[in-house]
Amino acid sequence: MRTLLLWCPDWPVLAAELVDGVPATGAVAVLHANRVVACSEAARAEGVRRGLRKREAQGRCPRLTVVDHDPGRDARAFEPVVAAVEELVAGVEVVRPGACALAARGPARYLGGEEAAAERIIEHVAQTCAVESQVGIAGGVFAAGLAARDGRVVPPGGTPGFLAGLPVEALGRPALADLLRRLGVRTLGGFAALPAGDVLARFGFDGALAHRLAAGRDHRPLAVRRPPADLAVTADHDEPIDRVDAAAFAARALAERLHDRLAAHGLACTRLGIEAVTADGQELHRVWRHDGLLTAAAVADRVRWQLDGWLTGSAGRAGARPTRPTAGIIRLRLVPDGVLARADLQPGLWGETGEERERAHRALSRVQGLLGPEAVVTAVLGGGRSPDDQVRLVPWGDERLPARPGEQTGPARVGELAGPARVGKPIGPARPGGLVGPVRAGGAGGPGGADRSGGAGGSDRSGGSDRSGGSARGGAASSGRGTSPPWPGRLPPPSPAVVLPAPLAATVHDAAGEPVGVSARLQLTATPARLAVGAARPVEIVGWAGPWPVDERWWSPAEARRRARFQVCLSDGAALLLAVESGQWLVEAIYD
């Protein structure tokens with residue numbers, strides 16, 4: 001098949017300029033595994049070549065700018081180039097970032113010949129993306145790629161002759177090329193002249209594929225990609241929109257257009273991007289998530305709420321007010337950022353989502369539109385040794401993923417009303433019976449079975465990560481599930497009802513009024529008798545359990561943390577979680 005291949009020279013260097021702003025006109029080298037994989041023209045003029053080590057390349061060019069190799073960056077930067085080619089022709093295959101191929105017959109017939117098609121594509125890419133490129137046309141992707149190095153159009157039937165004079169290194173297989181040279185085969189023509197059966201027997205399957213390429217025969221046809229459908233809808237307004245009622249009317253019409261376009265492709269929207277441009281060029285953007293079908297009415301509501309929040313700039317907590325646009329909106333665009341086949345969504349038992357759930361979701365989503373996504377958060381439970389480590393707050397509608405793996409890391413649907421309230425929400429008085437296991441006055445037989453002589457008696461490196469003493473009973477290590485990672489030293493259930501955002505300083509005294517501390521061997525210096533939180537009057541301790549020691553990140557002095565935790569019951573009915581760190585007692589949580 002006659003193949004047209006567009007090649008952008010030094011693409012990793014150019015991608016670094018497009019994405020990271022590294023000037024490609026200077027001496028730039030892209031390194032992978034401490035070796036140069038691409039370099040700019042200025043670097044080559046200084047003697048830098050592919051395959052050089054970093055130190056040798058910098059020795060040849062002291063002013064060399066080094067950039068790490070990033071295939072993702074190269075692919076993202078190349079996408080606009082492929083899209084520009086697809087504006088002229090169809091059936092494009094991305095060979096690698098920086099090169100794409102297509103069948104030459106269609107463009108040649110439509111644009112007036114192969115050379116005319118090549119010139120048109122190069123010019124269009126340069127005008128659209130400001131990227132220099134070269135085109136090669138030959139029989140097959142491999143030959144077209146080599147022809148693109150010289151911007152050459154190989155005449156029909158001339159591909160074997162074009163390849164015959166090229167060195168075997170052109171195959172891109174260094175080990176095979178070195179072996180062929182030692183056997184006396186130096187050109188692709190000489191390699192192609194060998195019997196195919198002998199090549200397979202001597203060099204294996206990969207050698208047989210290389211033999212086909214040397215003879216001008218590709219081993220597979222083009223795998224063209226199908227351009228994604230443009231599902232976004234845009235509305236331009238001659239008169240800037242600065243009133244909420246006018247914005248709501250525009251949102252309704254645009255939402256119906258989007259819903260009709262998605263329905264025509266059999267798709268449903270689960271994540272909606274709302275973009276607005278003001279009269280003075282200011283750009284606004286917000287993404288909304290939903291755990292079910294976004295109907296036309298649901299889309300219109302979300303757009304109206306978002307425009308209401310942008311145009312009014314409603315005040316948030318403590319008088320915080322979002323920045324209001326400096327001018328009216330002249331362009332509104334809806335982008336279905338997350339779509340899936342409508343058949344993949346399973347409705348509820350009685351149809352769509354329940355009315356109560358939908359009303360709650362609509363109310364919370366509207367609050368987010370007015371105050372921002374961080375204004376409404378829900379808690380996600382995960383793994384950890386302390387209650388403050390196990391809770392992560394995520395904005396309403398975002399994926400409820402825990403920060404650390406643990407027992408409570410089961411799947412949760414986006415936007416569900418599950419999980420505890422915001423951390424630090426006030427609750428009623430705690431009960432002394434909230435602790436697990438027998439709690440004796442002055443005793444230590446509390447949850448987890450720790451004792452006053454140091455709990456589990458020593459530290460456990462737990463697989464070389466964290467050293468944690470204390471019993472792990474009741475934690476993830478003994479849950480019996482096998483899939484939960486162990487957290488040695490984790491507090492046993494139940495979890496406290498309130499985790500304080502900032503621990504409160506406290507003091508603990510014995511019966512004689514002397515301060516109580518914890519020794520290096522995790523032993524209390526005296527029996528706790530009274531607890532004073534801040535400047536409040538002391539309260540008698542009627543029961544306590546602990547300590548549960550933990551020595552985390554001991555290998556990193558800057559992040560190391562060593563503490564011991566206790567559960568205490570007070571005479572006024574409160575049950576608290578205490579911690580001793582650097583000689584200071586702290587109240588971390590409250591039990592219900």
Side-chain angles (χ1 to χ4, degrees), residues 1-13 35-39 41 44-45 47-52 93-105 108 114-115 117-119 121-122 132-223:
M1 177 186 295
R2 295 286 291 174
T3 304
L4 183 151
L5 187 139
L6 180 135
W7 171 63
C8 300
D10 305 327
W11 181 253
V13 176
R35 290 188 179 273
V36 177
V37 296
C39 57
E41 184 176 356
R44 284 193 294 271
V48 179
R49 296 292 183 269
R50 293 178 58 185
L52 291 180
E93 173 190 332
V94 179
V95 180
R96 62 181 180 278
C100 59
L102 58 133
R105 180 182 177 184
E114 293 180 344
E115 293 186 2
E119 294 175 359
I121 292 175
I122 292 174
E132 295 184 359
S133 59
Q134 298 178 192
V135 167
I137 301 178
V141 177
F142 173 70
L146 296 177
R149 304 282 175 166
D150 301 324
R152 181 174 177 179
V153 178
V154 179
T159 299
F162 164 71
L163 295 174
L166 298 178
V168 292
E169 285 77 11
L171 292 170
R173 293 166 168 83
L176 178 61
D178 179 69
L179 179 57
L180 290 174
R181 281 198 171 273
R182 287 189 281 114
L183 294 175
V185 181
R186 293 178 171 79
T187 64
L188 295 183
F191 185 40
L194 298 177
D198 295 342
V199 171
L200 177 62
R202 176 64 178 83
F203 302 106
F205 181 71
D206 186 68
L209 294 180
H211 183 259
R212 289 183 56 87
L213 296 179
R217 303 189 303 271
D218 277 356
H219 58 276
R220 64 170 180 82
L222 283 173

Check: R105 and R2 side chains under 4.5 Å, non-hydrogen atoms: no
E41 side chain reached by P9 side chain, heavy atoms, under 4.5 Å: no
Donor-acceptor under 3.5 Å (R50 side chain, V36 main chain): no
Whether R212 side chain and D218 backbone form a donor-acceptor pair below 3.5 Å: yes
Check: R49 side chain, R44 main-chain N or O, donor-acceptor pair, under 3.5 Å: yes
Approximate separation, where rounding is to 0.5 Å, of R217 CZ and L163 CG: 11.0 Å
Test item: E93 and T3 side chains (from C-beta on) under 4.5 Å apart, heavy atoms: no
Heavy-atom side-chain proximity of L194 to R202 below 4.5 angstrom: no
Side-chain heavy-atom pair T187, V168 within 4.5 angstrom cut-off: no
R152 side chain vs G136 backbone, donor-acceptor pair below 3.5 Å: no
Close side-chain approach of L171 to F142, heavy-atom, < 4.5 Å: yes
Within-4.5 Å side-chain heavy-atom neighbours: F191 and V199: yes
Flag side-chain contact, heavy atom, 4.5 Å: H211 against F203: no
